[in-house]
Amino acid sequence: MTICYRPPPFNIINYYEGAEIMIFFPEIDEKETLVKVKAFFKYDFRKLERLAGYDGVISSPSFDGLPHSTGKSPDNYFVNHASYAELLKAIKTAIETCTDGNKAILKGCYIHNLTNLQVQLRIGYSRSYYYTLKDKAYLEFADRLLIETAKLGDENIIDLHVYK
């Protein structure tokens, strides 16, 4: 019996005086990852909330005896709605599994729809420190979202990381 081993994807980088260390995960470009996460929350998250919450897509078929040709199957609407609902659930789980401070910031801004000032006052930090913490929350969210969406299958993976 042959056991096949594939090493994890790691980078070898130089550290200080020429000593080499191994990193098991690809390096993340934090600045560009932050841009993607912010855009995700600004555009995709709100649209996904609307699409996942639209209950009108699930309805009983009409049997009135008249031919209908809409060109779009009600089954397709149902499947898309279910997919959006599953993705939204994964996103909310990713927020919920963040560490407490990061979770408070993300939930305040995106679940409870509070302004940055309202969240900042609730957690009690200065403006500059709040935005530093918010950036850390975004980076943790990108990690958690990758894990949660991977559980849904390959076609639903959302990876907001930008790799170096």
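Below, each value reflects all heavy atoms present in this structure, side chains not excepted, and no hydrogens, waters or symmetry copies.
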- Task: Drop me the distance from Gln120's CD to Cys109's SG, to the nearest 0.5 angstrom.
- Result: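 Answer rounded to 0.5 Å: 10.5 Å.
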
- Message: Rounded at 0.5 Å granularity, tell me how far NE2 in His161 sits from CG in Leu139.
- Response: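 With rounding to 0.5 Å, NE2 (His161) is 7.5 Å from CG (Leu139).
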
Is [X] linked to [Y] within one hydrophobic cluster, defined over Ile, Leu, Val, Met, Phe, Trp and Tyr using a side-chain heavy-atom separation of less than 4.5 Å?
X	Y	answer
Leu48	Val37	yes
Ile157	Phe41	no
Leu114	Tyr131	yes
Leu133	Val119	yes
Leu34	Leu160	yes

- Message: Counting only heavy atoms from other residues, nucleotides and ligands, does the tally under 6.0 Å from OH of Tyr125 exceed 12?
- Response: no

- Message: Counting neighbours of NZ on Lys36 that are heavy atoms of other residues, nucleotides or ligands and sit closer than 6.0 Å, is the number greater than 12?
- Response: yes

- Is the shortest side-chain N to carboxylate O distance from Asp135 to Lys38 below 4.0 Å? yes

- Derivation and outcome, side chain to side chain contact (heavy atoms under 4.5 Å, CB included), residues Leu88 and Leu51: CA-CA 10 Å; Leu88 185 62; Leu51 293 171; over 6 Å; no

Least distance between heavy atoms, [X] atom then [Y] atom:
X	Y	result
Phe141	Ala94	CE1-CB, 3.8 Å
Val162	Thr33	N-OG1, 2.9 Å
Leu106	Ala137	CD1-O, 3.7 Å

- Message: Between Asn156 and Lys151, do the side chains contain a donor N or O and an acceptor N or O under 3.5 Å apart?
- Response: no

- Go through Ile91 and Glu49 one step at a time and tell me if the side chain to side chain contact (heavy atoms under 4.5 Å, CB included) criterion holds. CA-CA 10 Å; Ile91 293 164; Glu49 274 186 319; over 6 Å; no

- Message: Looking at Glu148 and Leu145, would you say the former's side chain and the latter's main chain have a donor-acceptor pair under 3.5 Å?
- Response: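 Not confirmed, Glu148 side chain does not pair with Leu145 backbone.
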
- Item | side chain to side chain donor-acceptor pair (under 3.5 Å) pairs, two or more places apart, involving residues 96-113 | Arg46-Asn113, Glu96-Lys107, Thr99-Asn102, Thr99-Glu140, Asn102-Glu140, Tyr110-Tyr138

- Message: Among residues at least two apart in sequence or on other chains, which ones pass side-chain contact (heavy atoms from CB on, under 4.5 Å) with Lys164?
- Response: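 Only Glu27, Asp29 meet the side-chain contact (heavy atoms from CB on, under 4.5 Å) criterion with Lys164.
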
